[in-house]
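So you know, we letter chains A, B, ... as the sequences are listed, proteins then strands, and number each from 1. Everything quoted here is computed from the prediction, not taken from an experiment.
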Amino acid sequence: MSAAPERLIRLEGVTKDYPKVSTGGDRLRTLAALLFRRGDLPHFRALEDVSLEVMRGHSFGICGENGAGKSTLLKVIAGVVRPTLGTREVNGRVGALLELGSGFHPEYTGRENIYLSSALMGLTRAEVREKLGSIIEFADIGEHIDEPVKHYSSGMVVRLGFAVATSFAPDILITDEVLAVGDESFQKKCIAWVERYLAQGGTLLFCSHSMFHIQTLCQSALWLHHGRVRMSGPAFDVTREYLAYHQEKSAKEKAAGRAGMAHGIPMVEDGWTEDAAGARTGTFRRGEAMVLRGTVTEPDDRPPVILFGIVRADGTAVFGSHSNERGFLPARVDPRRFGFAVRFDNLALLPGKYTMRIHALDPEGLRMCDTLEREFVVTGETRDYGVVELDHQWLNP
Amino acid sequence: MAHIAVPQAGARQWAWLLASFTRREILNRYAGSVSGLAWSLLHPLAQLAVFAFVFSQIFRVGVPPAFTGVSYAAYVAIAMWPWIMFSEGLTRGMGSVHANAGLIKKVAFPHGLLVYASVLACYVVHLVGFAAVLVALRLFGEPIRFSGIPAALVLLVPYMLLATGIGAILAALHTLLRDVEHVIQVTLTIVFYISPILYPASIIPASMQSLVRYNPLAYFSERLREILLHGAGLVAGDATVAIACVAVFAVGMWFFNRLSPSFEDFL
């Protein structure tokens with residue numbers, strides 16, 4: 001084992017400005033400024049003072065809302081974008097899966113495209129020849145490999161793209177939400193590849209909206225907010241804060257939404273989970289009782305239909321049901337406000353993180369109008385597999 | 001200070017990428033057409049036929065006395081193919097950055113390779129056409145001196161560097177100012193008619209001779225005719241012109257590389 005981990009990526013004070021060129025005059029001024037390296041121009045700041053370090057063998061996740069600068073940051077690290085200010089140091093071969101298949105030419109066959117995009121990644125002809133067989137095998141698109149890429153389905157393009165990008169073992173793999181590509185079996189193959197890559201000491205850098213992915217794959221994470229680092233540190237802490245921020249934000253939006261009840265649609269005003277004693281909580285022991293409570297507004301003062309759904313953190317749907325399925329009518333608590341509660345005795349969910357989704361539907365139960373999400377955690381130890389515990393007994397024959 | 005290091009690849013790998021780009025350019029140009037590369041010969045041939053007919057039959061432009069025995073078509077062909085290499089190389093070089101916007105936004109590589117590949121591809125494609133035309137002219141009994149071919153090839157190198165240098169400047173400008181494209185179409189048409197390609201330099205009025213003296217295209221046209229029709233060798237003036245072309249190339253690449261980090265901002 002080497003003593004100190006090797007530093008592969010170091011960014012310090014990275015700032016990226018995109019010039020704003022809306023008029024012809026702007027364009028000419030920008031051109032002059034670029035040539036003579038001076039002048040202060042109208043610009044949009046995509047990244048501001050971002051610093052980060054990634055060591056070999058460590059995986060790093062980037063989260064943030066749309067437009068927070070995640071993609072720009074990845075592009076800076078990949079070397080596609082040069083920072084306006086700051087230092088970028090990258091040691092080692094970078095494999096960037098920024099957009100799979102983006103370097104492909106539609107008129108060329110898959111095989112020809114393998115050569116071209118490998119050359120783009122800096123591979124020599126000899127290296128490509130050596131890998132060609134394994135790339136084609138991994139992409140697994142059969143004889144389509146000798147057909148022009150324009151006849152490929154988008155899934156096939158992505159498969160070939162992934163196969164090419166991962167054909168040489170990069171020191172750093174940069175991906176932009178591409179782990180969820182292709183069909184189910186190919187996704188598994190990709191995840192298996194990434195897991196093996198990580199097990200062999202590979203370094204992964206990726207941005208994702210899935211906190212689950214960041215938590216399971218990364219040691220450290222960074223939260224970008226309007227181009228600045230809002231938080232950086234252990235993946236679990238960062239993702240927790242990020243999720244908390246989102247909950248707060250959607251709660252605020254809900255509050256604002258209540259004022260605008262004139263929308264004419266039912267809205268979920270509030271919703272929360274409680275324990276058996278009626279105390280609000282987001283943590284339950286397995287087998288405990290959980291009660292979901294909430295209030296819904298309905299502009300015509302008719303009881304709306306309520307739908308709840310439980311989803312595991314990785315997106316697996318666990319269970320959901322309509323209120324009208326059981327003939328339940330939410331109770332009117334105030335004019336145009338209705339309350340409801342759902343009790344789950346003996347919570348059979350296996351330990352893990354879950355999301356409770358509460359939806360308000362119109363009184364006819366036809367249109368889904370509003371959604372509120374609440375996370376909850378089921379604790380406990382188990383050696384069972386899957387999502388829920390089914391009632392069962394072991395019997396002797 | 002912004003600092004960027006791309007430790008990924010060495011010169012050998014970029015050479016292979018340049019080769020791949022050039023190959024792609026060549027194959028790509030007629031991808032989807034049945035006769036493929038044949039068009040790159042047929043198109044200039046048709047142009048030549050029209051010019052030969054209009055200028056020799058209607059306007060009655062003759063071949064200058066120094067080239068007696070050479071048909072007007074052969075006289076024009078020798079200057080026209082290099083012109084096509086140049087003008088097409090320049091135009092495609094100019095469009096190369098924009099045409100590969102998708103790549104530039106997603107992959108880190110030296111952008112200059114795109115310009116090189118476009119220009120190189122034009123030269124390769126039309127060099128083949130040029131060779132075919134020279135052989136054909138010889139078969140029709142035109143006094144083409146094959147012994148002049150090495151000298152002609154040498155002379156085409158600075159010509160290509162000139163196209164690359166100008167193409168690189170235009171490509172960089174084009175990312176920011178789309179107007180460049182239209183300006184250049186007009187400019188090339190003007191340059192074509194004021195260069196002695198369809199007619200000998202000698203018929204240009206004395207008052208406008210400076211057009212010839214300071215026009216590198218005029219120089220190359222006249223020199224290629226001397227070399228391929230008279231069997232003339234390289235002269236000292238060629239070296240001067242070559243140095244000037246290398247200088248244009250160097251300035252062009254400096255300009256291009258200066259703006260190249262910002263391409264991604266504008267594409």
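Taking A:S117, A:P148, A:P19 one by one and counting their heavy-atom pairs under 4.5 Å with chain B, the maximum is reached by A:P19.
Of the two parts of A:V14, neither the backbone nor the side chain holds a non-hydrogen atom closer than 4.5 Å to a non-hydrogen atom of chain B. The contact between A:D17 and chain B is made entirely by backbone atoms, counting heavy-atom distances below 4.5 Å. With a 4.5 angstrom heavy-atom cutoff, B:L259 touches chain A only via side-chain atoms.
Salt-bridge formation is detected for the pair A:E48/A:R228: a Lys NZ or Arg NE/NH1/NH2 atom is positioned less than 4.0 Å from an Asp or Glu carboxylate oxygen. Using a cut-off of 4.0 Å between Lys/Arg side-chain N and Asp/Glu carboxylate O, B:K105 and B:D265 are scored as not salt-bridged.
Using a 4.5 Å cut-off on side-chain heavy atoms (C-beta onward), B:W81 and B:L41 make contact.
In this structure, B:F220 and B:Y159 have tilted ring planes: the angle between them lies in the 30° to 60° band. The aromatic rings of B:F192 and B:W83 sit tilted relative to each other, their planes meeting at an angle between 30° and 60°. Between B:F263 and B:F256, the angle of the ring planes goes over 60°, which puts this pair in the perpendicular group of the 30/60° scheme.
Side-chain atoms of B:R24 and A:N113 form no donor-acceptor pair, as typed in the model, at a separation below 3.5 Å.
Partner of A:I62 under the side chain to side chain contact (heavy atoms under 4.5 Å, CB included) criterion, chosen from A:V229, A:L74, A:I174: A:L74.
The contact list for residues 109-129 of chain B toward chain A, using heavy atoms and a distance under 4.5 Å, reads B:F109 by residue number.
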